Amino acid sequence: MRRSPPRRSHYAIEVRPEIDNSRVSLLGWVHEVRDLGGIKFILLRDVSGICQVTIKKENLPTETLQRLEDLGAEDVVHVEGTVKNQPKARLGVEVVGEKIEILSRASRPLPYDVTGKVPAGLDTRLDYRVLDLRNPENNAIFKIADTVLAAAREFFRMNNFIEVRTPRIIATATEGGAALFEVKYFDSKAYLAQSPQLYKEELVTVFERVFEIGPFFRAEESHTRRHVSEFTSIDIEAAFLDLYGVMEILEKLIVHIHKRVVEERKKELEILNVDLNIPELPFPRYAYDDMLKELENYGMELAWGEDFGTEHLRILGEKHRGYYFITHFPTKSKPFYIQPCEDNPEISESFDLMYSWLELASGGTRISDRKLLEKRLLEQGLNVKYFEHHLKVYDYGMPIHAGWGLGFERLLMVLTNKNNIREVILFPRDKFRLVP
RNA sequence: GCCCUGGUAGUAUAGUCCGGUUAGUAUACGGGCCUGUCGAGCCCGGGACCCGGGUUCAAAUCCCGGCCAGGGCGCCA
(Lines give C-alpha, C1' and ligand atoms only; values in the text may rest on other atoms or scores of the structure.)
Protein backbone atom coordinates (compact mmCIF):
# COMPACT_ATOMS: atom_id res chain seq x y z
CA MET A 1 0.00 0.00 0.00
CA ARG A 2 1.27 3.40 -0.96
CA ARG A 3 0.97 6.17 1.60
CA SER A 4 -1.44 8.86 0.42
CA PRO A 5 0.19 12.20 -0.43
CA PRO A 6 0.12 14.97 2.18
CA ARG A 7 -2.62 17.56 1.80
CA ARG A 8 -2.01 21.20 1.11
CA SER A 9 -4.22 23.73 2.87
CA HIS A 10 -2.74 26.90 1.36
CA TYR A 11 -0.48 28.01 -1.46
CA ALA A 12 2.58 30.08 -0.57
CA ILE A 13 0.98 33.24 -1.91
CA GLU A 14 -2.01 32.74 0.41
CA VAL A 15 0.20 33.08 3.47
CA ARG A 16 -0.87 36.65 4.19
CA PRO A 17 -1.42 38.81 7.29
CA GLU A 18 -5.20 38.25 7.00
CA ILE A 19 -4.81 34.64 8.11
CA ASP A 20 -2.66 35.41 11.14
CA ASN A 21 -2.63 32.52 13.63
CA SER A 22 -4.12 30.02 11.16
CA ARG A 23 -2.61 26.59 10.95
CA VAL A 24 -1.42 25.81 7.44
CA SER A 25 -0.07 22.84 5.55
CA LEU A 26 2.27 23.76 2.69
CA LEU A 27 3.85 21.74 -0.09
CA GLY A 28 6.68 22.95 -2.26
CA TRP A 29 10.36 23.29 -3.03
CA VAL A 30 13.08 24.82 -0.89
CA HIS A 31 14.07 27.97 -2.75
CA GLU A 32 16.72 29.06 -0.24
CA VAL A 33 17.84 28.23 3.29
CA ARG A 34 19.44 30.68 5.68
CA ASP A 35 20.68 28.90 8.75
CA LEU A 36 21.60 31.17 11.67
CA GLY A 37 22.22 28.35 14.13
CA GLY A 38 19.38 28.62 16.58
CA ILE A 39 16.98 29.80 13.93
CA LYS A 40 16.61 28.69 10.35
CA PHE A 41 14.77 30.49 7.55
CA ILE A 42 13.42 28.50 4.64
CA LEU A 43 12.03 30.17 1.57
CA LEU A 44 9.36 27.77 0.38
CA ARG A 45 8.40 28.02 -3.27
CA ASP A 46 5.36 26.54 -4.97
CA VAL A 47 3.61 27.36 -8.23
CA SER A 48 2.03 30.45 -6.68
CA GLY A 49 5.15 32.10 -5.33
CA ILE A 50 7.41 32.12 -2.28
CA CYS A 51 6.79 32.41 1.47
CA GLN A 52 9.09 32.26 4.48
CA VAL A 53 9.05 29.37 6.91
CA THR A 54 10.86 29.95 10.19
CA ILE A 55 12.29 27.05 12.14
CA LYS A 56 13.14 27.73 15.76
CA LYS A 57 15.39 25.26 17.49
CA GLU A 58 13.54 25.53 20.77
CA ASN A 59 10.22 24.54 19.11
CA LEU A 60 11.21 21.26 17.58
CA PRO A 61 12.32 17.83 18.77
CA THR A 62 16.01 17.01 18.29
CA GLU A 63 15.16 14.22 15.90
CA THR A 64 13.40 16.57 13.46
CA LEU A 65 16.20 19.12 13.74
CA GLN A 66 18.77 16.50 12.85
CA ARG A 67 16.92 15.59 9.70
CA LEU A 68 16.80 19.27 8.74
CA GLU A 69 20.55 19.72 9.18
CA ASP A 70 21.34 19.12 5.53
CA LEU A 71 18.16 20.60 4.07
CA GLY A 72 19.13 22.17 0.76
CA ALA A 73 17.94 23.99 -2.32
CA GLU A 74 15.18 22.32 -4.38
CA ASP A 75 14.39 19.63 -1.80
CA VAL A 76 10.63 18.94 -1.79
CA VAL A 77 9.07 19.50 1.61
CA HIS A 78 5.81 19.34 3.49
CA VAL A 79 5.53 22.00 6.19
CA GLU A 80 2.90 22.31 8.86
CA GLY A 81 2.91 25.40 11.01
CA THR A 82 1.17 28.54 12.17
CA VAL A 83 0.97 31.81 10.26
CA LYS A 84 2.36 34.72 12.26
CA ASN A 85 2.43 38.36 11.36
CA GLN A 86 6.04 39.31 11.74
CA PRO A 87 7.28 42.85 11.13
CA LYS A 88 10.84 41.53 11.20
CA ALA A 89 10.15 39.51 8.06
CA ARG A 90 10.30 41.39 4.79
CA LEU A 91 7.00 39.94 3.61
CA GLY A 92 5.42 40.94 6.96
CA VAL A 93 4.28 37.41 7.60
CA GLU A 94 5.85 34.00 8.05
CA VAL A 95 4.96 30.43 8.89
CA VAL A 96 6.40 29.17 12.14
CA GLY A 97 7.23 25.57 11.33
CA GLU A 98 6.00 22.85 13.64
CA LYS A 99 6.30 19.76 11.49
CA ILE A 100 8.63 19.43 8.54
CA GLU A 101 8.93 16.44 6.32
CA ILE A 102 11.40 16.09 3.45
CA LEU A 103 9.55 14.34 0.64
CA SER A 104 12.34 14.33 -1.92
CA ARG A 105 15.95 15.43 -1.85
CA ALA A 106 17.66 17.28 -4.68
CA SER A 107 21.28 16.53 -5.54
CA ARG A 108 23.90 19.10 -4.68
CA PRO A 109 25.55 21.15 -5.76
CA LEU A 110 22.86 21.81 -8.34
CA PRO A 111 24.15 22.52 -11.83
CA TYR A 112 22.39 25.83 -12.00
CA ASP A 113 21.51 28.51 -9.46
CA VAL A 114 17.72 28.76 -9.41
CA THR A 115 17.67 31.95 -7.32
CA GLY A 116 19.60 33.81 -10.01
CA LYS A 117 22.28 35.16 -7.66
CA VAL A 118 24.96 33.96 -10.03
CA PRO A 119 23.92 34.63 -13.61
CA ALA A 120 24.12 31.76 -16.08
CA GLY A 121 24.39 31.93 -19.85
CA LEU A 122 21.34 31.04 -21.95
CA ASP A 123 22.99 27.87 -23.25
CA THR A 124 23.65 26.59 -19.72
CA ARG A 125 20.16 27.55 -18.64
CA LEU A 126 18.59 25.65 -21.54
CA ASP A 127 20.69 22.57 -20.72
CA TYR A 128 19.00 22.55 -17.31
CA ARG A 129 15.75 24.08 -18.49
CA VAL A 130 13.49 22.49 -15.90
CA LEU A 131 15.57 24.02 -13.12
CA ASP A 132 15.78 27.28 -15.03
CA LEU A 133 12.01 27.49 -15.24
CA ARG A 134 11.78 27.43 -11.44
CA ASN A 135 13.36 30.85 -11.38
CA PRO A 136 10.42 33.21 -10.79
CA GLU A 137 11.34 35.43 -13.72
CA ASN A 138 11.47 32.62 -16.26
CA ASN A 139 8.39 31.12 -14.71
CA ALA A 140 6.50 34.38 -15.19
CA ILE A 141 7.09 34.29 -18.96
CA PHE A 142 5.18 31.06 -19.32
CA LYS A 143 2.32 32.12 -17.07
CA ILE A 144 1.91 35.10 -19.38
CA ALA A 145 2.09 32.72 -22.35
CA ASP A 146 -0.79 30.77 -20.85
CA THR A 147 -2.88 33.93 -20.57
CA VAL A 148 -2.05 34.92 -24.16
CA LEU A 149 -3.28 31.58 -25.49
CA ALA A 150 -6.44 31.66 -23.38
CA ALA A 151 -7.15 35.27 -24.40
CA ALA A 152 -6.64 34.46 -28.08
CA ARG A 153 -9.05 31.53 -27.95
CA GLU A 154 -11.56 33.61 -26.05
CA PHE A 155 -11.31 36.41 -28.62
CA PHE A 156 -11.67 34.09 -31.60
CA ARG A 157 -14.78 32.44 -30.17
CA MET A 158 -16.33 35.85 -29.48
CA ASN A 159 -15.79 36.56 -33.18
CA ASN A 160 -17.31 33.32 -34.49
CA PHE A 161 -14.09 31.53 -35.33
CA ILE A 162 -13.92 27.73 -35.10
CA GLU A 163 -10.70 26.14 -33.85
CA VAL A 164 -9.30 23.65 -36.33
CA ARG A 165 -6.35 21.31 -36.50
CA THR A 166 -4.57 20.66 -39.78
CA PRO A 167 -1.91 18.04 -40.56
CA ARG A 168 1.67 18.43 -39.42
CA ILE A 169 2.76 15.70 -41.82
CA ILE A 170 2.36 16.76 -45.42
CA ALA A 171 3.26 15.45 -48.87
CA THR A 172 4.53 18.62 -50.56
CA ALA A 173 5.68 22.11 -49.82
CA THR A 174 2.77 24.50 -49.38
CA GLU A 175 4.51 27.68 -50.35
CA GLY A 176 7.89 26.85 -51.76
CA GLY A 177 10.43 29.18 -50.18
CA ALA A 178 11.18 28.02 -46.65
CA ALA A 179 13.13 24.80 -46.26
CA LEU A 180 11.21 21.80 -44.95
CA PHE A 181 12.20 18.95 -42.67
CA GLU A 182 11.97 15.65 -44.44
CA VAL A 183 10.56 12.68 -42.55
CA LYS A 184 10.34 9.02 -43.38
CA TYR A 185 6.68 8.15 -43.87
CA PHE A 186 6.35 4.37 -44.15
CA ASP A 187 7.80 3.66 -47.59
CA SER A 188 7.74 7.21 -48.86
CA LYS A 189 8.93 10.71 -48.03
CA ALA A 190 6.90 13.31 -46.23
CA TYR A 191 7.58 16.74 -44.73
CA LEU A 192 6.79 18.59 -41.54
CA ALA A 193 4.32 21.39 -42.18
CA GLN A 194 5.70 24.93 -42.29
CA SER A 195 2.24 26.54 -42.30
CA PRO A 196 -1.46 25.58 -42.30
CA GLN A 197 -2.02 27.94 -45.23
CA LEU A 198 -3.69 25.78 -47.86
CA TYR A 199 -5.77 23.77 -45.40
CA LYS A 200 -7.17 26.81 -43.65
CA GLU A 201 -8.12 28.33 -47.01
CA GLU A 202 -9.97 25.15 -47.92
CA LEU A 203 -11.74 25.14 -44.55
CA VAL A 204 -13.25 28.62 -45.00
CA THR A 205 -15.55 26.96 -47.56
CA VAL A 206 -16.95 24.92 -44.67
CA PHE A 207 -16.66 26.91 -41.43
CA GLU A 208 -16.28 30.43 -42.89
CA ARG A 209 -13.99 31.51 -40.04
CA VAL A 210 -11.27 29.24 -38.71
CA PHE A 211 -8.28 29.61 -36.46
CA GLU A 212 -5.46 27.31 -35.53
CA ILE A 213 -2.79 27.58 -32.86
CA GLY A 214 -0.02 25.09 -33.31
CA PRO A 215 3.61 24.28 -33.99
CA PHE A 216 5.22 24.57 -37.40
CA PHE A 217 8.64 23.71 -38.67
CA ARG A 218 11.27 25.45 -40.77
CA ALA A 219 14.57 23.84 -41.66
CA GLU A 220 16.26 27.22 -42.13
CA GLU A 221 19.93 27.78 -41.39
CA SER A 222 18.94 30.80 -39.37
CA HIS A 223 21.25 31.97 -36.64
CA THR A 224 19.47 34.89 -35.05
CA ARG A 225 17.66 35.79 -31.85
CA ARG A 226 14.27 35.61 -33.52
CA HIS A 227 14.37 32.32 -35.47
CA VAL A 228 13.98 28.73 -34.33
CA SER A 229 13.22 25.47 -36.14
CA GLU A 230 9.97 24.83 -34.28
CA PHE A 231 7.65 27.72 -33.50
CA THR A 232 4.00 28.31 -32.70
CA SER A 233 1.77 30.08 -35.17
CA ILE A 234 -1.59 31.68 -34.45
CA ASP A 235 -3.37 31.48 -37.79
CA ILE A 236 -6.75 32.62 -39.00
CA GLU A 237 -8.63 32.53 -42.28
CA ALA A 238 -12.02 34.17 -42.85
CA ALA A 239 -14.51 34.06 -45.70
CA PHE A 240 -16.10 37.26 -47.06
CA LEU A 241 -13.33 39.50 -45.74
CA ASP A 242 -10.40 41.17 -47.46
CA LEU A 243 -7.11 42.33 -46.01
CA TYR A 244 -8.69 45.27 -44.19
CA GLY A 245 -11.20 43.01 -42.43
CA VAL A 246 -8.55 40.65 -41.11
CA MET A 247 -6.18 43.49 -40.18
CA GLU A 248 -8.93 44.82 -37.97
CA ILE A 249 -9.36 41.41 -36.36
CA LEU A 250 -5.61 41.20 -35.81
CA GLU A 251 -5.23 44.57 -34.13
CA LYS A 252 -8.26 43.94 -31.95
CA LEU A 253 -6.82 40.57 -30.95
CA ILE A 254 -3.54 42.22 -29.96
CA VAL A 255 -5.39 44.75 -27.83
CA HIS A 256 -7.52 42.03 -26.24
CA ILE A 257 -4.42 40.02 -25.37
CA HIS A 258 -2.78 43.09 -23.83
CA LYS A 259 -5.88 43.75 -21.73
CA ARG A 260 -6.05 40.20 -20.42
CA VAL A 261 -2.33 40.06 -19.63
CA VAL A 262 -2.49 43.37 -17.78
CA GLU A 263 -5.58 42.21 -15.84
CA GLU A 264 -4.50 38.68 -15.02
CA ARG A 265 -0.69 38.80 -14.86
CA LYS A 266 0.07 41.89 -12.85
CA LYS A 267 2.44 40.04 -10.54
CA GLU A 268 4.29 38.34 -13.41
CA LEU A 269 4.72 41.65 -15.27
CA GLU A 270 6.13 43.12 -12.08
CA ILE A 271 8.58 40.24 -11.69
CA LEU A 272 9.66 40.79 -15.30
CA ASN A 273 9.80 44.53 -14.73
CA VAL A 274 7.59 45.16 -17.75
CA ASP A 275 5.31 48.17 -17.87
CA LEU A 276 2.74 46.98 -20.38
CA ASN A 277 0.48 49.58 -21.98
CA ILE A 278 -2.62 48.80 -23.97
CA PRO A 279 -2.00 49.97 -27.54
CA GLU A 280 -4.45 52.35 -29.19
CA LEU A 281 -6.66 51.40 -32.10
CA PRO A 282 -6.34 51.54 -35.00
CA PHE A 283 -2.66 50.70 -35.48
CA PRO A 284 -0.90 52.99 -37.99
CA ARG A 285 -0.94 51.69 -41.58
CA TYR A 286 1.77 52.48 -44.10
CA ALA A 287 2.03 51.31 -47.69
CA TYR A 288 5.21 49.62 -48.90
CA ASP A 289 5.75 52.54 -51.30
CA ASP A 290 5.59 55.04 -48.42
CA MET A 291 8.16 53.05 -46.49
CA LEU A 292 10.48 53.10 -49.51
CA LYS A 293 10.25 56.88 -49.58
CA GLU A 294 10.89 57.04 -45.88
CA LEU A 295 14.01 54.93 -46.28
CA GLU A 296 15.19 57.25 -49.07
CA ASN A 297 14.93 60.15 -46.65
CA TYR A 298 17.38 58.26 -44.45
CA GLY A 299 19.66 57.78 -47.44
CA MET A 300 18.83 54.11 -47.88
CA GLU A 301 18.01 53.22 -51.44
CA LEU A 302 16.04 50.05 -52.06
CA ALA A 303 14.97 48.94 -55.54
CA TRP A 304 11.20 48.76 -55.93
CA GLY A 305 10.07 45.17 -55.59
CA GLU A 306 12.81 44.15 -53.16
CA ASP A 307 11.74 43.01 -49.73
CA PHE A 308 13.08 44.92 -46.72
CA GLY A 309 16.32 43.63 -45.28
CA THR A 310 17.06 43.67 -41.58
CA GLU A 311 18.98 46.94 -41.85
CA HIS A 312 15.94 48.58 -43.47
CA LEU A 313 13.57 47.25 -40.85
CA ARG A 314 15.85 48.46 -38.07
CA ILE A 315 15.75 51.98 -39.51
CA LEU A 316 11.96 51.87 -39.83
CA GLY A 317 11.71 50.43 -36.33
CA GLU A 318 13.68 53.37 -34.93
CA LYS A 319 10.98 55.74 -36.12
CA HIS A 320 7.93 53.53 -35.65
CA ARG A 321 7.87 52.32 -32.08
CA GLY A 322 5.09 49.94 -31.15
CA TYR A 323 2.67 48.17 -33.45
CA TYR A 324 2.10 49.22 -37.07
CA PHE A 325 1.13 47.68 -40.39
CA ILE A 326 3.01 47.75 -43.65
CA THR A 327 0.62 47.04 -46.55
CA HIS A 328 0.58 46.45 -50.29
CA PHE A 329 3.88 44.70 -50.83
CA PRO A 330 5.05 43.99 -54.37
CA THR A 331 3.29 40.88 -55.64
CA LYS A 332 6.55 39.23 -56.63
CA SER A 333 7.85 39.32 -53.05
CA LYS A 334 4.80 37.45 -51.73
CA PRO A 335 3.65 33.81 -51.92
CA PHE A 336 1.56 32.63 -54.87
CA TYR A 337 -1.78 32.63 -53.03
CA ILE A 338 -1.78 36.37 -52.28
CA GLN A 339 -4.32 38.43 -54.26
CA PRO A 340 -2.77 41.01 -56.63
CA CYS A 341 -4.52 44.41 -56.62
CA GLU A 342 -7.11 44.79 -59.37
CA ASP A 343 -5.94 48.22 -60.53
CA ASN A 344 -2.24 47.32 -60.34
CA PRO A 345 -1.30 43.63 -60.30
CA GLU A 346 2.32 44.55 -59.49
CA ILE A 347 1.25 45.20 -55.91
CA SER A 348 -0.70 42.85 -53.69
CA GLU A 349 -3.40 42.94 -51.04
CA SER A 350 -0.87 41.95 -48.41
CA PHE A 351 0.32 43.24 -45.05
CA ASP A 352 2.79 42.61 -42.26
CA LEU A 353 2.20 43.49 -38.63
CA MET A 354 5.36 44.97 -37.17
CA TYR A 355 6.47 45.83 -33.65
CA SER A 356 9.30 48.28 -34.07
CA TRP A 357 11.64 46.31 -36.36
CA LEU A 358 10.25 42.87 -35.56
CA GLU A 359 7.87 41.14 -37.96
CA LEU A 360 5.04 39.64 -35.94
CA ALA A 361 2.46 38.64 -38.50
CA SER A 362 1.94 38.39 -42.21
CA GLY A 363 -1.29 38.12 -44.14
CA GLY A 364 -3.57 39.40 -46.84
CA THR A 365 -6.44 38.76 -49.19
CA ARG A 366 -6.12 35.36 -50.85
CA ILE A 367 -6.77 34.52 -54.45
CA SER A 368 -10.22 32.94 -54.73
CA ASP A 369 -10.21 32.35 -58.49
CA ARG A 370 -8.77 29.05 -59.64
CA LYS A 371 -7.50 30.30 -63.00
CA LEU A 372 -5.59 33.16 -61.40
CA LEU A 373 -4.18 30.85 -58.73
CA GLU A 374 -2.88 28.45 -61.38
CA LYS A 375 -1.31 31.36 -63.25
CA ARG A 376 0.43 32.55 -60.10
CA LEU A 377 1.70 29.05 -59.32
CA LEU A 378 3.31 28.88 -62.75
CA GLU A 379 4.78 32.37 -62.42
CA GLN A 380 6.45 31.33 -59.17
CA GLY A 381 7.88 28.25 -60.81
CA LEU A 382 5.77 25.78 -58.81
CA ASN A 383 4.38 22.57 -60.24
CA VAL A 384 0.58 22.79 -60.62
CA LYS A 385 0.36 19.01 -60.52
CA TYR A 386 1.35 18.95 -56.82
CA PHE A 387 -1.52 21.30 -55.96
CA GLU A 388 -4.29 19.32 -57.70
CA HIS A 389 -6.08 18.44 -54.45
CA HIS A 390 -5.96 22.04 -53.35
CA LEU A 391 -7.08 23.49 -56.70
CA LYS A 392 -10.15 21.24 -56.89
CA VAL A 393 -11.57 23.02 -53.86
CA TYR A 394 -11.81 26.20 -55.91
CA ASP A 395 -14.37 24.47 -58.17
CA TYR A 396 -16.77 23.86 -55.30
CA GLY A 397 -17.62 27.44 -54.44
CA MET A 398 -14.72 29.52 -53.07
CA PRO A 399 -15.68 32.86 -51.52
CA ILE A 400 -13.38 35.84 -51.29
CA HIS A 401 -11.31 35.28 -48.17
CA ALA A 402 -8.36 36.61 -46.22
CA GLY A 403 -6.21 35.62 -43.30
CA TRP A 404 -2.93 35.91 -41.47
CA GLY A 405 -0.37 34.04 -39.41
CA LEU A 406 0.98 35.52 -36.20
CA GLY A 407 4.22 34.33 -34.60
CA PHE A 408 3.13 33.47 -31.07
CA GLU A 409 6.62 33.49 -29.57
CA ARG A 410 7.50 36.77 -31.25
CA LEU A 411 4.44 38.34 -29.71
CA LEU A 412 5.50 36.87 -26.39
CA MET A 413 8.94 38.47 -26.80
CA VAL A 414 7.19 41.83 -27.12
CA LEU A 415 4.94 41.23 -24.11
CA THR A 416 7.75 40.05 -21.84
CA ASN A 417 10.44 42.34 -23.22
CA LYS A 418 12.80 39.46 -24.03
CA ASN A 419 15.21 39.79 -26.90
CA ASN A 420 15.89 36.12 -27.63
CA ILE A 421 13.03 33.93 -28.83
CA ARG A 422 14.61 30.97 -26.99
CA GLU A 423 13.79 32.69 -23.70
CA VAL A 424 10.06 32.38 -24.43
CA ILE A 425 10.03 28.75 -25.61
CA LEU A 426 10.06 26.02 -22.98
CA PHE A 427 12.30 23.68 -24.96
CA PRO A 428 13.57 25.54 -28.02
CA ARG A 429 14.74 23.80 -31.15
CA ASP A 430 17.24 25.26 -33.54
CA LYS A 431 20.02 24.01 -35.77
CA PHE A 432 22.27 23.55 -32.76
CA ARG A 433 19.84 22.30 -30.16
CA LEU A 434 17.70 19.17 -30.21
CA VAL A 435 17.80 18.44 -26.46
CA PRO A 436 16.44 18.63 -23.84
C1' G B 1 25.47 28.94 -45.21
C1' C B 2 28.75 33.49 -44.50
C1' C B 3 31.11 37.20 -41.06
C1' C B 4 32.72 38.89 -36.07
C1' U B 5 33.74 37.61 -30.97
C1' G B 6 34.58 34.07 -27.38
C1' G B 7 35.58 28.87 -24.72
C1' U B 8 39.40 29.01 -17.34
C1' A B 9 36.13 25.03 -10.85
C1' G B 10 28.87 23.15 -10.67
C1' U B 11 27.74 28.44 -12.27
C1' A B 12 29.59 33.35 -13.62
C1' U B 13 34.15 35.62 -14.34
C1' A B 14 39.87 37.83 -13.80
C1' G B 15 44.39 36.53 -16.02
C1' U B 16 45.68 35.82 -22.47
C1' C B 17 48.00 41.72 -25.85
C1' C B 18 53.62 41.33 -23.79
C1' G B 19 54.71 32.84 -22.82
C1' G B 20 57.84 31.83 -16.92
C1' U B 21 55.12 32.71 -8.73
C1' U B 22 50.93 28.12 -5.52
C1' A B 23 45.88 30.30 -12.09
C1' G B 24 42.76 35.28 -8.66
C1' U B 25 37.45 36.56 -7.35
C1' A B 26 32.16 35.78 -6.54
C1' U B 27 28.53 32.23 -5.89
C1' A B 28 27.28 27.12 -5.16
C1' C B 29 29.10 22.78 -2.33
C1' G B 30 31.51 20.41 2.50
C1' G B 31 33.06 21.60 7.79
C1' G B 32 32.79 25.23 12.02
C1' C B 33 30.48 29.71 14.75
C1' C B 34 25.89 32.27 15.10
C1' U B 35 17.99 33.11 17.72
C1' G B 36 15.67 37.58 12.99
C1' U B 37 17.92 36.32 8.12
C1' C B 38 15.74 38.19 3.65
C1' G B 39 22.08 39.20 -1.97
C1' A B 40 22.62 37.01 5.85
C1' G B 41 27.63 37.43 8.16
C1' C B 42 32.53 35.52 9.81
C1' C B 43 36.46 31.42 9.73
C1' C B 44 38.30 26.86 7.25
C1' G B 45 38.30 23.31 3.05
C1' G B 46 37.96 20.70 -1.77
C1' G B 47 37.10 22.13 -6.86
C1' A B 48 39.01 24.68 -13.37
C1' C B 49 42.65 26.45 -18.19
C1' C B 50 37.20 22.79 -24.68
C1' C B 51 39.75 18.83 -27.91
C1' G B 52 43.91 17.61 -31.26
C1' G B 53 48.41 19.14 -33.48
C1' G B 54 52.53 22.76 -33.85
C1' U B 55 56.31 26.62 -32.14
C1' U B 56 59.41 26.95 -27.58
C1' C B 57 63.97 25.29 -22.51
C1' A B 58 58.84 26.54 -21.05
C1' A B 59 51.90 27.35 -23.52
C1' A B 60 45.64 28.99 -20.07
C1' U B 61 48.62 32.69 -22.89
C1' C B 62 51.45 32.38 -29.59
C1' C B 63 50.10 29.53 -34.48
C1' C B 64 46.90 25.80 -37.25
C1' G B 65 42.64 22.51 -37.37
C1' G B 66 38.18 20.75 -35.02
C1' C B 67 34.02 21.11 -31.85
C1' C B 68 30.88 24.29 -29.01
C1' A B 69 28.74 29.10 -27.66
C1' G B 70 27.13 34.48 -28.19
C1' G B 71 25.96 38.14 -31.78
C1' G B 72 25.31 39.94 -36.83
C1' C B 73 23.92 38.96 -42.13
C1' G B 74 21.09 36.17 -45.58
C1' C B 75 16.29 33.44 -45.28
C1' C B 76 11.85 34.04 -42.67
C1' A B 77 7.17 34.27 -38.55
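Note: hydrogens, waters and symmetry copies are ignored here, and every other heavy atom, side chains too, is used. So you know, we letter chains A, B, ... as the sequences are listed, proteins then strands, and number each from 1. Just so we're clear, the structure is a prediction, and the values are computed from it rather than from any experiment.
- A:Val228 comes within contact range of at least one nucleobase, with a heavy-atom separation under 4.0 Å.
- Shown here are the side-chain hydrogen bond (donor to acceptor under 3.5 Å, both in side chains) partners of A:Thr416, two or more places apart in sequence or in another chain: there are none.
- Scored by the side-chain hydrogen bond (donor to acceptor under 3.5 Å, both in side chains) test, A:Glu409 finds A:Thr232 as partners (sequence neighbours excluded).
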Worksheet item: When you check every protein heavy atom under 4.0 Å of nucleotides 5-13 of chain B, what one-letter string (B, S, -) results, 5' to 3'?
Response: -----SBS-

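- The nucleotide whose nearest atom lies closest to any side-chain atom of A:His227 is, among B:A77, B:C73, B:A40, B:A77.
- Under the ring-ring contact (aromatic ring centres under 6.0 Å, His included) criterion, A:His390 pairs with A:Tyr394, sequence neighbours left out.
- A side-chain donor-acceptor contact under 3.5 Å links A:Tyr324 to the backbone of A:Ser356.
- A heavy-atom distance below 4.5 Å is found between the side chains of A:Arg366 and A:Lys200.
- Listed by chain and residue number, A:Asp430 satisfy the salt bridge (charged side-chain N to carboxylate O under 4.0 Å, His left out) test with A:Arg422 (two or more places apart in sequence, or in another chain).
- Evaluation of the salt bridge (charged side-chain N to carboxylate O under 4.0 Å, His left out) rule for A:Glu294 yields A:Lys319 as partners, not counting sequence neighbours.
- Contacts of A:Asn59 with the nucleic acid, taken as non-hydrogen atoms under 4.0 Å apart, are absent.
- Contact check of residues 277-299 of chain A against RNA chain B (heavy atom, cut-off under 4.0 Å) returns no residues at all.
- Residue A:Arg410 is in base contact, counting any heavy-atom pair closer than 4.0 Å across all strands shown.
- The side chain of A:Arg225 places no N or O atom within less than 4.0 Å of a non-bridging phosphate oxygen (OP1 or OP2) of B:G71.
- Only the C1' atoms considered, B:C67 is 29 Å distant from B:G24, to the nearest whole Å.
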Expected list for residues 298-317 of chain A: side-chain donor-acceptor pairs under 3.5 angstrom, two or more places apart:
unit_1: A:Trp304; atom_1: NE1; unit_2: A:Asp289; atom_2: OD1; d: 2.8
unit_1: A:Thr310; atom_1: OG1; unit_2: A:Arg226; atom_2: NH2; d: 3.4
unit_1: A:His312; atom_1: ND1; unit_2: A:Gly309; atom_2: N; d: 2.8

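- A distance of about 12 Å separates the C1' atoms of B:G20 and B:U56, rounded to the whole Å.
- Taking the salt bridge (charged side-chain N to carboxylate O under 4.0 Å, His left out) definition, one finds that A:Asp132 meets it with A:Arg125, A:Arg129, sequence neighbours left out.
- Only A:Gly309, A:Thr310, A:Arg314, listed by number, bring a heavy atom of residues 301-324 of chain A to less than 4.0 angstrom from any atom of RNA chain B.
- Using a 4.0 Å heavy-atom distance criterion, A:Thr115 is classed as making no nucleic acid contact.
- The gap from the C1' atom of B:C17 to that of B:G52 amounts to 25 Å, rounded to the nearest Å.
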Worksheet item: Just by protein heavy atoms under 4.0 Å, how would nucleotides 31-37 of chain B read 5' to 3' in B, S and -?
Response: ---BBBB

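- The two residues A:Gly214 and A:Phe216 have their closest heavy-atom pair at O-CD1, 3.5 Å.
- Across the strands present, B:C34 finds no partner; the criterion is a Watson-Crick or G-U wobble pair with both atom distances under 3.5 angstrom.
- Residue A:Lys117 has its side chain nearest to B:A28 when only B:A28, B:G74, B:A77 are considered.
- Taking the six-membered ring for Trp and the full ring otherwise, A:Phe336 and A:Phe387 have centroids separated by under 6.0 Å.
- A donor and an acceptor atom, one from each side chain of A:Arg105 and A:Ser107, are nowhere located under 3.5 Å apart.
- Residues satisfying the side-chain hydrogen bond (donor to acceptor under 3.5 Å, both in side chains) test with A:Asp242, not counting sequence neighbours, are none.
- Nucleotides B:A9 and B:G47, compared at atom P, are 14 Å apart to the nearest Å.
- If you take atom P in B:C51 and the same atom in B:U11, they sit 14 Å apart, rounded to whole Å.
- For the residue pair A:Ser368 and A:His401, no side-chain donor N or O sits within less than 3.5 Å of a side-chain acceptor on the partner.
- On the P atoms, B:A60 is 10 Å away from B:C49, given to the nearest whole Å.
- Of the P atoms belonging to B:A14 and B:C57, the separation is 32 Å, rounded to the nearest Å.
- Checked by atom type and distance alone, the side chain of A:Thr331 pairs as donor or acceptor with a backbone atom of A:Pro345 at under 3.5 Å.
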